Amino acid sequence: MTTAISKLAFTSTNEAAPAVDLREALLQGQAPDKGLYLPDRFPTVSQDELRTFRGMEYHEIAAAVIGKYTEGVLEPKLLAQLCREAYDFPVPLEHVYDRVHVMRLDQGPTASFKDFAARMMARLIGHFIAEEKRELVILTATSGDTGSAVASAFHGVKGIRVLVLFPTDEVSNRQRKQMTTLGENIRTVAIDGKFDDCQDMVKRAFTDSALDAIPLSSANSINIGRLIPQSVYYFYAWSRLTKDMEPLVICTPSGNFGNMMGAVFAREMGMPVKRIVVPVNENDEVPVYLRTDRYSKIEPSRACISNAMNVGNPSNLARLAAIYGGRIDAPGNVHRQPDLEAMRHDFFAVSVTDEATRATIKSAWEKHKLLLEPHGAVGWRGFQSYIDEEPLGDLPAVVIETAHPAKFPEEIERTLDLSPDVPVSLSKLDKLDEDFDRMDADYDLFKRYLLANYTG
Ligand SMILES: *Cc1c(COP(=O)(O)O)cnc(C)c1O
(Lines give C-alpha, C1' and ligand atoms only; values in the text may rest on other atoms or scores of the structure.)
Protein backbone atom coordinates (compact mmCIF):
# COMPACT_ATOMS: atom_id res chain seq x y z
CA MET A 1 0.00 0.00 0.00
CA THR A 2 1.27 3.47 -0.75
CA THR A 3 -0.02 6.73 0.61
CA ALA A 4 1.21 10.21 -0.07
CA ILE A 5 1.63 10.98 3.61
CA SER A 6 2.29 8.36 6.26
CA LYS A 7 0.26 9.46 9.23
CA LEU A 8 1.02 7.73 12.48
CA ALA A 9 -1.92 5.89 14.07
CA PHE A 10 -2.59 5.98 17.79
CA THR A 11 -4.24 3.07 19.57
CA SER A 12 -5.60 2.60 23.07
CA THR A 13 -3.86 0.58 25.80
CA ASN A 14 -7.26 -1.01 26.54
CA GLU A 15 -7.27 -2.34 22.97
CA ALA A 16 -10.99 -1.61 22.47
CA ALA A 17 -11.09 1.79 20.73
CA PRO A 18 -10.55 2.70 17.07
CA ALA A 19 -7.16 4.03 16.03
CA VAL A 20 -6.97 7.80 15.58
CA ASP A 21 -4.40 10.28 14.29
CA LEU A 22 -2.37 12.58 16.50
CA ARG A 23 -4.82 15.43 16.19
CA GLU A 24 -7.70 13.35 17.55
CA ALA A 25 -5.55 11.72 20.22
CA LEU A 26 -4.54 15.18 21.43
CA LEU A 27 -8.03 16.62 21.40
CA GLN A 28 -9.64 13.58 23.04
CA GLY A 29 -7.01 13.12 25.75
CA GLN A 30 -8.31 9.75 26.87
CA ALA A 31 -9.49 7.03 24.46
CA PRO A 32 -13.23 6.22 24.52
CA ASP A 33 -12.50 2.80 26.09
CA LYS A 34 -10.80 4.68 28.97
CA GLY A 35 -7.37 3.56 27.83
CA LEU A 36 -4.38 5.73 26.98
CA TYR A 37 -3.17 6.44 23.48
CA LEU A 38 0.15 5.12 22.21
CA PRO A 39 1.56 5.27 18.67
CA ASP A 40 1.04 1.87 17.01
CA ARG A 41 4.71 1.94 16.04
CA PHE A 42 7.54 4.22 17.08
CA PRO A 43 9.05 6.42 14.41
CA THR A 44 12.81 6.03 14.26
CA VAL A 45 15.75 8.40 14.45
CA SER A 46 18.67 6.98 12.47
CA GLN A 47 22.23 7.03 13.77
CA ASP A 48 23.14 9.65 11.17
CA GLU A 49 20.31 11.85 12.33
CA LEU A 50 21.25 11.32 15.98
CA ARG A 51 24.72 12.61 15.16
CA THR A 52 23.29 15.79 13.68
CA PHE A 53 21.60 16.53 17.03
CA ARG A 54 25.04 17.27 18.49
CA GLY A 55 25.18 20.51 16.53
CA MET A 56 21.56 21.53 17.03
CA GLU A 57 19.89 23.78 19.57
CA TYR A 58 17.22 22.46 21.88
CA HIS A 59 14.28 23.80 19.90
CA GLU A 60 15.73 22.33 16.68
CA ILE A 61 16.03 18.87 18.23
CA ALA A 62 12.45 19.31 19.47
CA ALA A 63 11.21 20.02 15.94
CA ALA A 64 13.12 17.03 14.55
CA VAL A 65 11.79 14.60 17.18
CA ILE A 66 8.22 15.86 17.48
CA GLY A 67 8.05 16.20 13.69
CA LYS A 68 8.15 12.43 13.38
CA TYR A 69 4.82 12.27 15.17
CA THR A 70 3.16 15.25 13.47
CA GLU A 71 3.85 14.15 9.89
CA GLY A 72 0.67 14.62 7.90
CA VAL A 73 -1.10 16.71 10.54
CA LEU A 74 1.21 19.72 10.93
CA GLU A 75 3.50 21.58 8.53
CA PRO A 76 7.19 21.17 9.51
CA LYS A 77 7.72 24.94 9.16
CA LEU A 78 4.94 25.73 11.57
CA LEU A 79 6.15 23.07 14.00
CA ALA A 80 9.64 24.60 13.93
CA GLN A 81 8.15 27.96 14.80
CA LEU A 82 6.05 26.53 17.65
CA CYS A 83 9.15 24.82 19.06
CA ARG A 84 11.13 28.05 18.89
CA GLU A 85 8.40 29.84 20.84
CA ALA A 86 7.86 27.04 23.38
CA TYR A 87 11.53 26.44 24.16
CA ASP A 88 12.93 29.91 24.68
CA PHE A 89 14.65 29.10 27.99
CA PRO A 90 17.93 27.31 28.84
CA VAL A 91 18.25 23.58 29.69
CA PRO A 92 21.26 23.40 32.03
CA LEU A 93 23.33 20.23 32.26
CA GLU A 94 25.21 20.63 35.53
CA HIS A 95 28.42 18.65 35.78
CA VAL A 96 28.63 16.77 39.11
CA TYR A 97 31.62 14.40 38.82
CA ASP A 98 33.28 12.20 36.18
CA ARG A 99 30.66 11.79 33.44
CA VAL A 100 27.66 12.30 35.69
CA HIS A 101 25.43 15.32 35.07
CA VAL A 102 22.22 16.66 36.53
CA MET A 103 19.84 18.07 33.93
CA ARG A 104 17.82 20.91 35.43
CA LEU A 105 14.42 21.08 33.78
CA ASP A 106 13.44 24.08 35.87
CA GLN A 107 14.02 27.17 33.75
CA GLY A 108 10.54 27.41 32.26
CA PRO A 109 7.88 29.87 33.45
CA THR A 110 6.61 27.66 36.30
CA ALA A 111 10.02 26.24 37.23
CA SER A 112 9.18 22.56 36.79
CA PHE A 113 9.74 20.03 33.99
CA LYS A 114 6.02 20.09 33.28
CA ASP A 115 6.55 23.32 31.33
CA PHE A 116 8.30 21.36 28.56
CA ALA A 117 5.24 19.29 27.77
CA ALA A 118 2.53 21.79 28.64
CA ARG A 119 3.96 24.56 26.45
CA MET A 120 4.15 22.30 23.41
CA MET A 121 0.78 20.68 23.98
CA ALA A 122 -0.90 24.08 24.38
CA ARG A 123 0.51 25.24 21.06
CA LEU A 124 -0.46 22.04 19.25
CA ILE A 125 -3.99 21.98 20.65
CA GLY A 126 -4.39 25.72 20.04
CA HIS A 127 -3.39 25.20 16.42
CA PHE A 128 -5.67 22.20 15.81
CA ILE A 129 -8.77 23.79 17.28
CA ALA A 130 -8.17 27.05 15.39
CA GLU A 131 -8.00 25.02 12.17
CA GLU A 132 -11.36 23.45 12.94
CA LYS A 133 -12.83 26.66 14.40
CA ARG A 134 -13.56 24.73 17.57
CA GLU A 135 -13.44 25.83 21.18
CA LEU A 136 -12.33 23.89 24.23
CA VAL A 137 -12.63 24.07 27.98
CA ILE A 138 -9.62 22.41 29.54
CA LEU A 139 -10.56 21.06 32.92
CA THR A 140 -7.80 19.92 35.23
CA ALA A 141 -7.29 19.01 38.87
CA THR A 142 -3.92 19.68 40.40
CA SER A 143 -1.91 19.10 43.53
CA GLY A 144 0.27 22.01 42.46
CA ASP A 145 2.65 21.62 39.54
CA THR A 146 0.40 20.39 36.74
CA GLY A 147 -2.19 23.12 37.18
CA SER A 148 0.33 25.90 37.14
CA ALA A 149 2.20 24.54 34.11
CA VAL A 150 -1.04 23.98 32.18
CA ALA A 151 -2.49 27.36 33.14
CA SER A 152 0.70 29.18 32.18
CA ALA A 153 1.01 27.26 28.90
CA PHE A 154 -2.58 27.93 27.75
CA HIS A 155 -2.68 31.51 28.99
CA GLY A 156 -3.81 33.70 26.09
CA VAL A 157 -4.36 30.79 23.65
CA LYS A 158 -7.43 31.67 21.54
CA GLY A 159 -10.43 29.36 21.65
CA ILE A 160 -9.35 27.74 24.90
CA ARG A 161 -10.57 28.39 28.39
CA VAL A 162 -8.85 26.67 31.31
CA LEU A 163 -10.43 25.76 34.63
CA VAL A 164 -8.14 24.46 37.36
CA LEU A 165 -9.34 22.89 40.61
CA PHE A 166 -6.86 22.74 43.46
CA PRO A 167 -7.13 21.68 47.13
CA THR A 168 -7.15 24.88 49.24
CA ASP A 169 -4.69 23.67 51.87
CA GLU A 170 -2.48 21.35 49.83
CA VAL A 171 -0.70 23.72 47.45
CA SER A 172 2.10 26.10 48.40
CA ASN A 173 1.61 29.88 48.17
CA ARG A 174 3.85 30.06 45.14
CA GLN A 175 2.10 27.21 43.37
CA ARG A 176 -1.26 28.87 43.99
CA LYS A 177 -0.08 32.25 42.75
CA GLN A 178 1.24 30.69 39.56
CA MET A 179 -2.37 29.80 38.70
CA THR A 180 -4.42 32.55 40.30
CA THR A 181 -2.58 35.62 38.98
CA LEU A 182 -2.96 34.92 35.26
CA GLY A 183 -6.56 35.96 34.59
CA GLU A 184 -7.99 36.24 31.03
CA ASN A 185 -8.85 32.70 29.85
CA ILE A 186 -7.60 31.06 33.05
CA ARG A 187 -9.98 30.48 35.96
CA THR A 188 -9.12 28.71 39.22
CA VAL A 189 -11.27 27.24 41.96
CA ALA A 190 -9.97 26.40 45.43
CA ILE A 191 -11.77 23.30 46.68
CA ASP A 192 -12.16 22.87 50.42
CA GLY A 193 -11.03 19.27 50.31
CA LYS A 194 -8.16 17.06 49.25
CA PHE A 195 -6.55 16.58 45.86
CA ASP A 196 -8.51 13.34 45.47
CA ASP A 197 -11.77 15.32 45.84
CA CYS A 198 -10.70 17.69 43.07
CA GLN A 199 -9.80 14.78 40.84
CA ASP A 200 -13.12 13.02 41.51
CA MET A 201 -15.07 16.16 40.61
CA VAL A 202 -13.16 16.53 37.36
CA LYS A 203 -13.58 12.86 36.48
CA ARG A 204 -17.32 13.00 37.12
CA ALA A 205 -17.69 16.11 34.98
CA PHE A 206 -16.05 14.30 32.04
CA THR A 207 -18.62 11.50 32.14
CA ASP A 208 -21.70 13.62 33.01
CA SER A 209 -24.03 13.79 30.00
CA ALA A 210 -25.74 16.85 31.51
CA LEU A 211 -22.54 18.72 30.59
CA ASP A 212 -22.43 17.58 26.97
CA ALA A 213 -22.93 21.16 25.77
CA ILE A 214 -19.53 22.11 27.19
CA PRO A 215 -16.56 21.00 25.03
CA LEU A 216 -14.53 19.64 27.93
CA SER A 217 -11.02 18.31 27.44
CA SER A 218 -8.28 17.19 29.80
CA ALA A 219 -4.66 18.24 29.79
CA ASN A 220 -3.23 15.94 32.42
CA SER A 221 -0.39 13.50 31.99
CA ILE A 222 -2.60 10.91 30.29
CA ASN A 223 -2.62 13.04 27.13
CA ILE A 224 -0.17 11.73 24.55
CA GLY A 225 0.62 15.38 23.82
CA ARG A 226 2.40 15.51 27.13
CA LEU A 227 4.63 12.51 26.50
CA ILE A 228 6.05 13.21 23.07
CA PRO A 229 7.70 16.53 24.03
CA GLN A 230 9.09 14.82 27.13
CA SER A 231 11.30 12.59 25.01
CA VAL A 232 13.11 15.60 23.55
CA TYR A 233 15.24 16.48 26.58
CA TYR A 234 16.60 12.93 26.70
CA PHE A 235 17.77 13.30 23.10
CA TYR A 236 19.25 16.65 24.06
CA ALA A 237 21.13 15.15 27.03
CA TRP A 238 22.38 12.28 24.88
CA SER A 239 23.60 14.69 22.19
CA ARG A 240 25.62 16.68 24.73
CA LEU A 241 26.96 13.91 26.99
CA THR A 242 27.90 10.98 24.76
CA LYS A 243 30.52 10.17 22.16
CA ASP A 244 29.80 8.14 19.04
CA MET A 245 26.87 5.80 19.74
CA GLU A 246 27.55 5.41 23.45
CA PRO A 247 24.53 4.50 25.56
CA LEU A 248 23.40 6.87 28.29
CA VAL A 249 22.29 5.94 31.80
CA ILE A 250 19.13 7.90 32.60
CA CYS A 251 17.70 8.48 36.05
CA THR A 252 14.24 10.06 36.39
CA PRO A 253 12.46 10.52 39.74
CA SER A 254 8.89 9.40 39.11
CA GLY A 255 5.27 9.63 40.23
CA ASN A 256 2.85 9.10 37.35
CA PHE A 257 5.76 7.92 35.17
CA GLY A 258 5.08 10.43 32.39
CA ASN A 259 8.56 11.90 32.58
CA MET A 260 10.28 8.50 32.47
CA MET A 261 8.03 7.44 29.59
CA GLY A 262 9.75 10.20 27.62
CA ALA A 263 12.99 8.25 28.07
CA VAL A 264 11.25 5.06 26.93
CA PHE A 265 9.97 6.84 23.82
CA ALA A 266 13.50 8.12 23.06
CA ARG A 267 14.89 4.60 23.44
CA GLU A 268 12.14 3.07 21.29
CA MET A 269 12.95 5.68 18.63
CA GLY A 270 16.57 4.52 18.53
CA MET A 271 18.48 6.55 21.09
CA PRO A 272 21.12 4.36 22.79
CA VAL A 273 20.16 3.87 26.45
CA LYS A 274 22.07 1.72 28.93
CA ARG A 275 19.40 1.55 31.63
CA ILE A 276 16.59 3.72 32.95
CA VAL A 277 16.70 4.26 36.71
CA VAL A 278 13.31 5.11 38.21
CA PRO A 279 13.43 6.20 41.82
CA VAL A 280 10.08 6.75 43.55
CA ASN A 281 9.31 7.96 47.05
CA GLU A 282 7.57 5.78 49.65
CA ASN A 283 4.85 5.05 47.11
CA ASP A 284 6.70 1.92 46.08
CA GLU A 285 4.05 0.01 44.11
CA VAL A 286 6.15 -0.15 40.94
CA PRO A 287 9.45 -1.36 42.50
CA VAL A 288 7.40 -3.96 44.41
CA TYR A 289 5.66 -5.01 41.19
CA LEU A 290 8.96 -5.52 39.37
CA ARG A 291 10.33 -7.47 42.32
CA THR A 292 7.35 -9.72 43.03
CA ASP A 293 5.41 -9.87 39.72
CA ARG A 294 2.33 -8.76 41.68
CA TYR A 295 0.88 -5.30 41.15
CA SER A 296 -1.07 -3.73 43.93
CA LYS A 297 -1.79 -0.03 43.99
CA ILE A 298 -1.40 2.04 47.15
CA GLU A 299 -4.65 3.67 48.20
CA PRO A 300 -4.68 6.35 49.48
CA SER A 301 -1.21 7.33 48.34
CA ARG A 302 1.45 8.00 50.99
CA ALA A 303 2.17 11.67 51.73
CA CYS A 304 5.89 12.30 51.22
CA ILE A 305 7.94 15.51 51.06
CA SER A 306 8.42 14.98 47.31
CA ASN A 307 4.69 15.66 47.04
CA ALA A 308 4.40 15.83 43.26
CA MET A 309 5.33 12.14 43.25
CA ASN A 310 2.73 10.99 45.77
CA VAL A 311 1.10 8.58 43.36
CA GLY A 312 -0.17 5.17 44.42
CA ASN A 313 -1.32 3.99 40.97
CA PRO A 314 0.63 5.67 38.17
CA SER A 315 -1.50 6.39 35.12
CA ASN A 316 1.34 5.70 32.70
CA LEU A 317 1.79 2.16 33.97
CA ALA A 318 -0.81 1.21 31.36
CA ARG A 319 1.49 2.54 28.64
CA LEU A 320 4.62 1.01 30.07
CA ALA A 321 2.89 -2.38 30.30
CA ALA A 322 1.61 -2.06 26.71
CA ILE A 323 5.12 -1.46 25.39
CA TYR A 324 6.16 -4.72 27.08
CA GLY A 325 3.22 -6.66 25.69
CA GLY A 326 0.92 -6.44 28.72
CA ARG A 327 -2.43 -4.86 29.47
CA ILE A 328 -3.16 -2.97 32.68
CA ASP A 329 -6.25 -0.76 33.00
CA ALA A 330 -6.68 2.58 34.75
CA PRO A 331 -7.89 1.16 38.08
CA GLY A 332 -4.73 -0.99 38.11
CA ASN A 333 -6.10 -4.43 37.13
CA VAL A 334 -3.59 -6.57 35.29
CA HIS A 335 -5.38 -8.26 32.37
CA ARG A 336 -2.20 -9.58 30.76
CA GLN A 337 1.23 -9.52 32.36
CA PRO A 338 3.88 -7.55 30.50
CA ASP A 339 7.31 -9.12 29.99
CA LEU A 340 8.53 -8.45 33.52
CA GLU A 341 11.88 -10.09 32.89
CA ALA A 342 12.59 -7.60 30.08
CA MET A 343 11.39 -4.75 32.28
CA ARG A 344 13.74 -5.77 35.08
CA HIS A 345 16.55 -5.79 32.54
CA ASP A 346 15.71 -2.31 31.20
CA PHE A 347 14.73 -0.54 34.43
CA PHE A 348 16.15 -0.16 37.89
CA ALA A 349 13.24 0.83 40.13
CA VAL A 350 13.88 1.81 43.72
CA SER A 351 11.94 3.41 46.57
CA VAL A 352 13.49 6.22 48.63
CA THR A 353 12.20 7.15 52.10
CA ASP A 354 11.67 10.73 53.25
CA GLU A 355 14.48 10.24 55.72
CA ALA A 356 16.87 9.22 52.94
CA THR A 357 15.61 12.12 50.80
CA ARG A 358 16.49 14.64 53.52
CA ALA A 359 19.88 13.03 54.09
CA THR A 360 20.53 13.25 50.34
CA ILE A 361 19.73 16.98 50.18
CA LYS A 362 22.48 17.36 52.76
CA SER A 363 25.06 14.95 51.36
CA ALA A 364 24.70 16.09 47.73
CA TRP A 365 25.37 19.65 48.83
CA GLU A 366 28.26 18.81 51.14
CA LYS A 367 29.93 16.42 48.74
CA HIS A 368 29.31 18.04 45.36
CA LYS A 369 27.79 21.50 46.00
CA LEU A 370 24.79 20.03 44.20
CA LEU A 371 21.61 21.81 45.32
CA LEU A 372 18.57 19.54 45.12
CA GLU A 373 14.94 19.91 46.15
CA PRO A 374 13.10 16.81 47.42
CA HIS A 375 12.09 15.36 44.02
CA GLY A 376 15.60 15.68 42.64
CA ALA A 377 16.98 14.27 45.89
CA VAL A 378 14.85 11.13 45.46
CA GLY A 379 16.39 10.89 42.00
CA TRP A 380 19.96 11.36 43.19
CA ARG A 381 19.56 8.84 46.00
CA GLY A 382 18.05 6.28 43.66
CA PHE A 383 20.97 6.83 41.29
CA GLN A 384 23.42 6.05 44.15
CA SER A 385 21.57 2.75 44.77
CA TYR A 386 21.85 1.96 41.08
CA ILE A 387 25.60 2.56 40.78
CA ASP A 388 26.16 0.52 43.95
CA GLU A 389 24.63 -2.43 42.12
CA GLU A 390 25.84 -1.74 38.59
CA PRO A 391 28.92 0.52 38.54
CA LEU A 392 28.98 3.06 35.71
CA GLY A 393 32.51 2.36 34.53
CA ASP A 394 33.20 5.23 32.16
CA LEU A 395 29.68 5.52 30.80
CA PRO A 396 27.89 8.87 30.89
CA ALA A 397 24.82 9.35 33.08
CA VAL A 398 22.14 12.01 33.44
CA VAL A 399 20.00 12.48 36.54
CA ILE A 400 16.90 14.61 36.15
CA GLU A 401 16.08 17.44 38.57
CA THR A 402 12.38 18.07 37.98
CA ALA A 403 11.85 21.39 39.78
CA HIS A 404 13.72 24.51 40.84
CA PRO A 405 15.01 24.37 44.44
CA ALA A 406 13.22 27.68 45.16
CA LYS A 407 9.91 26.00 44.39
CA PHE A 408 10.33 23.66 47.36
CA PRO A 409 12.57 25.69 49.68
CA GLU A 410 11.29 24.39 53.04
CA GLU A 411 13.29 21.17 53.21
CA ILE A 412 16.41 22.87 51.86
CA GLU A 413 16.21 25.60 54.48
CA ARG A 414 15.65 23.03 57.23
CA THR A 415 18.49 20.80 56.17
CA LEU A 416 21.15 23.13 54.80
CA ASP A 417 20.62 26.44 56.50
CA LEU A 418 20.57 28.27 53.19
CA SER A 419 17.83 29.74 50.99
CA PRO A 420 17.86 28.91 47.29
CA ASP A 421 18.03 31.91 44.94
CA VAL A 422 14.57 32.68 43.64
CA PRO A 423 14.28 32.92 39.83
CA VAL A 424 12.43 35.93 38.39
CA SER A 425 9.59 33.71 37.16
CA LEU A 426 8.75 32.97 40.81
CA SER A 427 9.71 36.21 42.56
CA LYS A 428 7.55 38.42 40.32
CA LEU A 429 4.49 36.51 41.60
CA ASP A 430 4.70 38.19 44.99
CA LYS A 431 3.55 41.49 43.52
CA LEU A 432 0.65 40.18 41.42
CA ASP A 433 -3.02 40.15 42.45
CA GLU A 434 -4.78 36.84 42.89
CA ASP A 435 -8.25 35.97 41.70
CA PHE A 436 -9.94 32.65 42.35
CA ASP A 437 -13.26 31.17 43.42
CA ARG A 438 -13.81 28.89 46.39
CA MET A 439 -16.08 25.91 46.68
CA ASP A 440 -16.92 22.98 48.93
CA ALA A 441 -15.96 19.56 47.63
CA ASP A 442 -19.49 18.98 46.31
CA TYR A 443 -20.06 17.75 42.77
CA ASP A 444 -23.53 19.27 42.38
CA LEU A 445 -22.19 22.70 43.25
CA PHE A 446 -19.42 22.22 40.73
CA LYS A 447 -21.82 21.11 38.04
CA ARG A 448 -23.95 24.23 38.52
CA TYR A 449 -20.79 26.34 38.40
CA LEU A 450 -19.81 24.78 35.06
CA LEU A 451 -23.26 25.26 33.59
CA ALA A 452 -23.42 28.87 34.76
CA ASN A 453 -20.00 29.85 33.44
CA TYR A 454 -19.40 27.71 30.37
CA THR A 455 -22.66 27.40 28.47
CA GLY A 456 -24.06 30.03 26.12
C1 LIG B 1 4.95 15.98 38.25
C2 LIG B 1 6.27 15.99 38.96
C3 LIG B 1 7.04 14.82 39.13
C4 LIG B 1 6.55 13.46 38.68
O5 LIG B 1 6.53 13.33 37.30
P6 LIG B 1 5.75 12.11 36.62
O7 LIG B 1 5.78 12.36 35.18
O8 LIG B 1 4.37 12.15 37.21
O9 LIG B 1 6.48 10.87 37.02
C10 LIG B 1 8.27 14.93 39.73
N11 LIG B 1 8.74 16.11 40.19
C12 LIG B 1 8.03 17.25 40.06
C13 LIG B 1 8.59 18.51 40.61
C14 LIG B 1 6.78 17.23 39.45
O15 LIG B 1 6.07 18.37 39.33
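For ligands, and for the atoms within them, numbers begin at 1 and follow the listed sequence. The structure displayed is predicted, hence computed values, not measured ones.
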Enquirer: Report, in ascending order of atom number, the atoms of ligand 1 lying under 4.0 Å from any heavy atom of Ser254.
Expert: 9 (O)
Enquirer: Identify every side-chain donor-acceptor pair in residues 419-433 under 3.5 Å, counting partners at least two apart or on other chains, and give the distances.
Expert:
residue: Ser419; atom: OG; partner: Glu413; partner atom: OE2; Å: 3.2
residue: Ser427; atom: OG; partner: Val424; partner atom: O; Å: 3.4

Enquirer: Would you verify whether the NZ or CZ of Lys367 falls within 45 degrees of the ring axis of Trp365 while also being under 6.0 Å from that six-membered ring's centre?
Expert: no
Enquirer: Considering only heavy atoms of Asn259, which atoms of ligand 1 have at least one such atom less than 4.0 Å away?
Expert: 7 (O)
Enquirer: Given side chains that start at C-beta, do those of Phe116 and Met120 come closer than 4.5 Å, heavy atoms only?
Expert: no
Enquirer: Under 3.5 Å, N or O to N or O, is Met309 touching ligand 1 that way?
Expert: no
Enquirer: Counting only heavy atoms closer than 4.0 Å, does ligand 1 sit against the backbone of Lys114, its side chain, both, or neither?
Expert: side chain
Enquirer: Applying the ring pair (Phe, Tyr, Trp, His ring centres under 6.0 Å) test to Phe53, which of Phe235, Tyr234, Tyr58 qualifies?
Expert: Phe235
Enquirer: For ligand 1, is there an N or O atom under 3.5 Å from any N or O atom of Phe113?
Expert: no
Enquirer: With a 4.0 Å cut-off on N to O distance, would you call Glu15 and Arg327 a salt bridge?
Expert: yes
Enquirer: Give the contacting part of Asp145 toward ligand 1: side chain, backbone, both or neither, where contact means a heavy-atom distance below 4.0 Å.
Expert: side chain
Enquirer: Please identify which atoms of ligand 1 are closer than 4.0 Å to at least one heavy atom of Ala403.
Expert: 13 (C)
Enquirer: Say whether Asn310 and Asn281, considering side chains only, have a donor N or O and an acceptor N or O under 3.5 Å apart.
Expert: yes
Enquirer: Need the ligand 1 atom indices (1-based, order shown) with element for anything under 4.0 Å from a heavy-atom of Gly258.
Expert: 6 (P), 7 (O), 9 (O)
Enquirer: If I apply the N/O under 3.5 Å rule, does Thr402 come out as touching ligand 1?
Expert: yes
Enquirer: For residues 290-299, which residue pairs pass the side chain to side chain donor-acceptor pair (under 3.5 Å) check, not counting sequence neighbours?
Expert: Asp293-Arg344, Tyr295-Asn313
Enquirer: Taking 4.0 angstrom as the limit and counting only heavy atoms of Asn256, give me the atoms of ligand 1 inside it, by number and element.
Expert: 6 (P), 8 (O), 9 (O)
